Student: 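Handing you this structure, nothing more for now.
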Amino acid sequence: MTAPETRADARLYFANRPFVHGFYAVTRRLGPVVRVPGIGTIVNDAEVARAILATPAVFTSSGPGSFGILITEVLGPRALINMDGAAHRNLKQELAEVFSPRYVAAVAGAAAGPRLAALDAALRAGKSVDFAAFMRDYGCAMACELIGLRLDPADEAAAFADIFHLATEIMAFAGTAPRRLSLAQSSAAKALAARLATHIAAGYARADAPPQSLTARLRDQGAAFETVRDMVTVVLVGAVELIVYGLPRALAVIIDSGSLPALQADPARLDAAIDEALRLTTPSNAILRSVAADHAIGRHRFRRGERVIIAFRNILRDPALFPGGDGFDMTRTNPLRRLVFGAGPHACLGAALTLAEMRQVLGVVAALPSPLAIGARARNRGKLYPGYTRLDVRMIE
Ligand code: HEM
């Protein structure tokens, strides 16, 4: 029988895009590498996926059929995730210096304090809290702190709502992984990106941006706004959407699986619970590559011009690696712990920050004296990543 946490998470996929959910569910049964005419080659095997991600000269992030080509169309060619080779390596190196552990700690510390205290107080008082709404505020605040966008308190709520709307609407165009956007889609996405860029430009122009922040550091290095805008947009979108949709899903699987009392009894298990929640929910469920030259990995042959879809959602539920893998089990050992953040040169730049934010927010829940029950939930539709738009939680007396 399917575990309750998996049933609840599957309903998110059905609400979001029923076809995509069905596609993963069917292709995962068909083998490690599955060719689907008109769509691409689905990779359901961890070793093949790692080999692909470690060979970026063959499996590119900018060729036909990749996610990068859509980003290039909307944002331009220097957005990091759509770059390959030396140019990508150099930009990533510069950014890795900015995303130092000290910086991540500073960001995680700055915007969170009063928000976490308010969450803790409301839950301890027995109030019902919409955790999805909490995450929209917290996630946007952290993302703005990260890129250096200081807002006046009076403008904050409206700016966060606008940033969240723009970030999720832009990414929604990539939801069915089209090979190209139509003219209408392309101009609509460009208009949204231009609006998002006005928020970033405001941060770039302000003298009081936190000196550690991404834009302040880039500006101090002499980078003109136009040269960093597209890459900062990608960082902002990742920091907003994956966090705001990812964390409520993580909390929901912990509660739905009945694991919260065990976590609260032993909060030292928080990191294990986070790893398991990321494995089961795979917030970024697949990534795309374009094959630049014929290539073989073991017995699997990839042909030039093909599109490859690395299905993290299937890989991280592979029954050979994760017995009972459709259920949440924070005692399991996960040999693919960080694969959910990708691997190779394009591995996620925000992994350390994501983990810091998860420890903060889920740490509040783990420290409560009683478990939480979930009340009303609502799910997004048509967005790139499935997620809750409402998730009411309340402490059980
Ligand atoms: C639940 C949270 C997150 C997950 C599961 C996730 C997952 C991923 C994955 C799988 C990739 C690899 C993409 C590829 O190889 O094509 C990636 C790349 C990236 N992520 Fe994340 N991410 C998360 C949060 C974040 C956050 C918070 C930020 C920003 C602070 C961020 C920024 C980026 C950037 C800039 C890249 C592109 C790196 C490159 O191309 O070199 N991500 N992410």
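Ligands are counted one by one from 1 in listed order, and the atoms in each one are counted from 1 as well. In this text, all values refer to a predicted model and were calculated from it rather than measured experimentally. Along the sequence shown, residues carry numbers from 1.
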Student: Parallel, tilted or perpendicular for F134 and F131, by the 30°/60° rule?
Tutor: parallel
Student: Are any of the heavy atoms in G246 under 4.0 Å away from ligand 1?
Tutor: no
Student: In the protein, what heavy atom is nearest to atom 28 (C) of ligand 1, and what distance, to one decimal place, separates them?
Tutor: G350 CA, 3.5 Å
Student: Under a heavy-atom criterion of less than 4.0 Å, does F67 contact ligand 1?
Tutor: no
Student: Out of Y385, F59, F341, who gets a non-hydrogen atom closest to atom 4 (C) of ligand 1?
Tutor: F341
Student: Just to confirm my output: which protein heavy-atom neighbour is closest to atom 30 (C) of ligand 1, and how far is it?
Tutor: L146 CD2, 3.6 Å
Student: For ligand 1, which atoms, with element, lie under 4.0 Å from some heavy atom of H88?
Tutor: 39 (C), 40 (O), 41 (O)
Student: What is the minimum heavy-atom distance between A250 and T281, and which atoms define it?
Tutor: N-CG2, 4.4 Å
Student: Taking 4.0 angstrom as the limit, do E241 and K383 come out as a salt bridge?
Tutor: no
Student: For T354, is at least one N or O under 3.5 Å away from an N or O on ligand 1?
Tutor: no
Student: Does only the side chain of C348 get under 4.0 Å from ligand 1, or the backbone, or both, or neither? Count heavy atoms.
Tutor: both
Student: Test V244 against every option in Y385, Y388, F164 by the side-chain contact (heavy atoms from CB on, under 4.5 Å) rule and name the one that passes.
Tutor: F164
Student: Suppose we measure from atom 13 (C) of ligand 1 to each protein heavy atom; which comes out shortest, and what is that distance?
Tutor: I287 CG2, 3.9 Å
Student: Heavy atoms only: which of V235, I81, L95 lies closest to atom 29 (C) of ligand 1?
Tutor: V235
Student: Tell me whether R289 reaches ligand 1 (any heavy atom closer than 4.0 angstrom to a ligand atom).
Tutor: yes
Student: Distance under 6.0 Å and angle within 45° of the ring axis: does R313 meet both against Y13?
Tutor: yes
Student: Which ligand 1 atoms are under 4.0 Å away from a heavy-atom of G342?
Tutor: 10 (C)
Student: Looking only at protein heavy atoms, which one is nearest to atom 36 (C) of ligand 1, and how far off is it?
Tutor: L349 N, 4.1 Å
Student: Which residue and atom name correspond to the protein heavy atom nearest atom 12 (C) of ligand 1, and how close is it?
Tutor: H346 O, 3.5 Å
Student: Which of the numbered atoms in ligand 1 are below 4.0 angstrom from a heavy atom of F312?
Tutor: 10 (C)
Student: Give me the nearest non-hydrogen protein atom to atom 5 (C) of ligand 1 as residue plus atom name, then the distance to 0.1 Å.
Tutor: V340 O, 3.7 Å
